[in-house]
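First comes the structure, then the notes that go with it.
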Amino acid sequence: MQTTLVFTQDEFRSRLNRLQAELVKQELGGMLIHTPENIFYLTGYQSPGYYMYQCLVVPISGNPVLVLRRGELSNVQTYSWLPGDLVRTYDDTNDPVALTADTVSEMDVPGGNLGLETGSWFLPVRNYKKLEVLLGDYRLIDAQGTVESLRVVKSAAEVGYIREACAVADKSMQAGLDAIRAGVNEDEAAAAMFSAMILAGGEYLGMEPFISSGYRSGNMHSAWGHKVIGEGETLLLEVAGSRNRYHGALMRAAYTGTPTDEIKRATEVCIASLNAALDAIKPGVTAGEVDEACRGTIERAGMYEQFRKRTGYSIGAAFAPDWGEGHIMSLQRDDERVLLPGMVFHIPPALRMPNRYGVGFSETILVTETGCEVLTTLPRELTISKGVTA
């Protein structure tokens, strides 16, 4: 058996110790963790099979125990530091929630308050209610965000993986930009992006790439849609790279032919707003101040109705359905959270006219001791495609 740990044992142990210190502060005897990113963060375990029930039981002291589907056991052995005696498996015909309750009992988790993630996509109401009944000796307490608070500042090793992911995103985006021209189907450009992504060492993503042309580019989250790219159309492309579950993302816009004055102005405002956000980033400023720099640029240009969203979001470890960590921290209006060195954000200002056109430009950045480092590297400009496919 070959074990592939993406972090050192010491880093995993440090994460567990920090979490258990938080549990002490919150007067919790332990915590049930159902979110795949948080389980990965604490143990290294990863698998696309997280759609089946899994739960990491973390006591206030000592080792955690992972409850999961029996078929995933080999992935625990491959990717995590957990030995076999810290894993409980269930067959498809067993009740995994009951196994979780039994595991809590076997571990002698102190009675009283037991934390869990009420906001997790992977703790449905049915399972929560069953846990309430089966763990009747405990008071289930909302501890949502406890693990996430540890994830928001990245370690040097995490930043290293994000750098690799950004290099993948750069190559994928460049392949997409090179593939677009009037007469080409969006599917062909998407195929070029996927091919470049995989050949660059990219792994499965938390969310699919987006590539849309013409009227579709004005609609948020438009993936490739079998449309033939026309002459005189905007294109909006957004893609992430993934390495060891860590993501870096990038957005760029293009135009087939000679852009109109309207498209030129939207491009100029969009890039200016991104530049303003990057200039504002440094330790000690608030998320709201960065948003004000970006959003304020757009508002002063009279184009806020084409924006109307947050400026950016934390990015790091992710499984589908999202590549971002916006639920951990976002750069948004009036947000008083303070930026710290080691935070990583994707900043994607975009200006959209629904069912008409859309332009957008983004970077993935690292907050440094003195400002920010842009981790993605493609030119910040509107790509012009003048070729026409016969």
Side-chain angles (χ1 to χ4, degrees), residues 6-7 11-12 14-16 18-23 25-26 31-44 46 50 56 58 115-123 142-163 165-166 205-207 240-249 277 281 283-291 294 309-348 362-368 372 375:
V6 298
F7 299 105
E11 183 155 347
F12 281 121
S14 173
R15 294 171 180 181
L16 179 61
R18 290 164 61 208
L19 172 59
Q20 289 174 324
E22 286 297 317
L23 298 183
K25 290 179 184 178
Q26 297 181 38
M31 185 172 177
L32 306 181
I33 298 172
H34 293 85
T35 301
E37 291 88 350
N38 291 342
I39 294 174
F40 164 77
Y41 181 78
L42 294 167
T43 70
Q46 58 170 295
Y50 59 88
L56 185 68
V58 181
L116 46 65
E117 303 163 309
T118 59
S120 176
W121 293 330
F122 301 92
L123 178 60
D142 183 8
Q144 180 68 41
T146 302
V147 181
E148 287 84 351
S149 69
L150 309 179
R151 290 170 46 197
V152 68
V153 174
K154 273 60 178 177
S155 69
E158 290 177 291
V159 171
Y161 292 140
I162 295 173
R163 289 184 189 278
C166 286
L205 294 174
M207 186 165 51
S242 174
R243 293 284 292 175
N244 292 315
R245 303 316 318 138
Y246 283 82
H247 289 62
I281 291 174
V285 305
T286 67
E289 288 172 326
V290 178
D291 174 74
C294 176
K309 67 184 187 72
R310 62 188 174 181
T311 286
Y313 49 83
S314 177
I315 193 169
F319 293 82
D322 189 12
W323 66 45
E325 298 176 334
H327 60 292
I328 297 179
M329 185 172 181
S330 286
L331 305 173
Q332 58 193 358
R333 188 192 296 266
D334 300 328
D335 194 316
E336 295 298 321
R337 293 189 62 177
V338 173
L339 272 60
L340 301 171
M343 290 180 173
V344 180
F345 295 97
H346 180 222
I347 303 177
S362 81
E363 308 287 3
T364 293
I365 67 95
L366 168 68
V367 182
T368 66
C372 81
L375 304 180

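Source: prediction; values computed, not measured.
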Heavy-atom distance under 4.5 Å between the side chains of [X] and [Y], does that happen here?
X: Val290; Y: Phe345; result: no
X: Ser330; Y: Lys309; result: no
X: Tyr41; Y: Leu150; result: yes
X: Val58; Y: Val147; result: no
X: Leu19; Y: Ile33; result: yes
X: Arg163; Y: Leu366; result: yes

What's the spacing between [X] [atom1] and [Y] [atom2] if we round to 0.5 Å?
X: His34; Y: Ile39; atom1: NE2; atom2: CD1; value: 7.5 Å
X: Thr364; Y: Leu375; atom1: OG1; atom2: CG; value: 6.5 Å
X: Glu158; Y: Phe7; atom1: CD; atom2: CZ; value: 4.5 Å
X: Thr146; Y: Gln26; atom1: OG1; atom2: CD; value: 4.0 Å
X: Phe40; Y: Asn244; atom1: CZ; atom2: CG; value: 6.5 Å
X: Thr311; Y: Asp291; atom1: OG1; atom2: CG; value: 3.5 Å

Contacts of [X] that satisfy side-chain hydrogen bond (donor to acceptor under 3.5 Å, both in side chains) - sequence neighbours left out:
X: Ser149; value: none
X: Glu37; value: none
X: Arg151; value: Asn38, Glu325
X: Thr35; value: Glu117, Ser120

Among all residues two or more places apart in sequence or in another chain, which pass the side-chain contact (heavy atoms from CB on, under 4.5 Å) test with [X]?
X: Ala21; result: none
X: Met207; result: Phe210, Asp322, Trp323
X: Glu289; result: Val285, Thr286
X: Val153; result: Leu340, Met343

Closest heavy-atom contact between [X] and [Y]?
X: Arg310; Y: Gly326; value: NH1-CA, 3.5 Å
X: Ala157; Y: Glu11; value: CB-OE1, 3.9 Å
X: Gly241; Y: Leu205; value: C-CD2, 4.0 Å
X: Met329; Y: Ala287; value: CE-CB, 4.1 Å
X: Ile315; Y: His247; value: CG1-O, 3.6 Å
X: Leu42; Y: Phe12; value: O-CD2, 3.5 Å

Set of ring-ring contact (aromatic ring centres under 6.0 Å, His included) partners for [X], sequence neighbours left out:
X: His327; value: none
X: Tyr50; value: Phe122, Phe319
X: Tyr313; value: His346

Inset, instruction - Sort and list the pairs that fulfil salt bridge (Lys or Arg N to Asp or Glu O under 4.0 Å) and have at least one residue in residues 330-342, not counting sequence neighbours. - result: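 Qualifying pairs: Glu299-Arg333.
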
Inset, instruction - For Glu22 and Arg18, run salt bridge (Lys or Arg N to Asp or Glu O under 4.0 Å): C-alpha distance rounded to whole Å, both residues' side-chain angles, the deciding distance at 0.1 Å, then the answer. - result: CA-CA 6 Å; Glu22 286 297 317; Arg18 290 164 61 208; over 6 Å; no

Inset, instruction - Apply the test side-chain contact (heavy atoms from CB on, under 4.5 Å) to residues Leu32 and Leu123: give CA-CA distance (whole Å), side-chain angles for both, the deciding distance (0.1 Å), then the verdict. - result: CA-CA 10 Å; Leu32 306 181; Leu123 178 60; over 6 Å; no

Inset, instruction - Determine, for Tyr246 and Arg243, whether the Lys NZ or Arg CZ falls below 6.0 Å from the six-membered ring centre while staying within 45 degrees of the axis. - result: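 Judged by the rule (NZ or CZ under 6.0 Å from the ring centre, within 45° of its axis), Arg243 is not positioned above Tyr246.
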
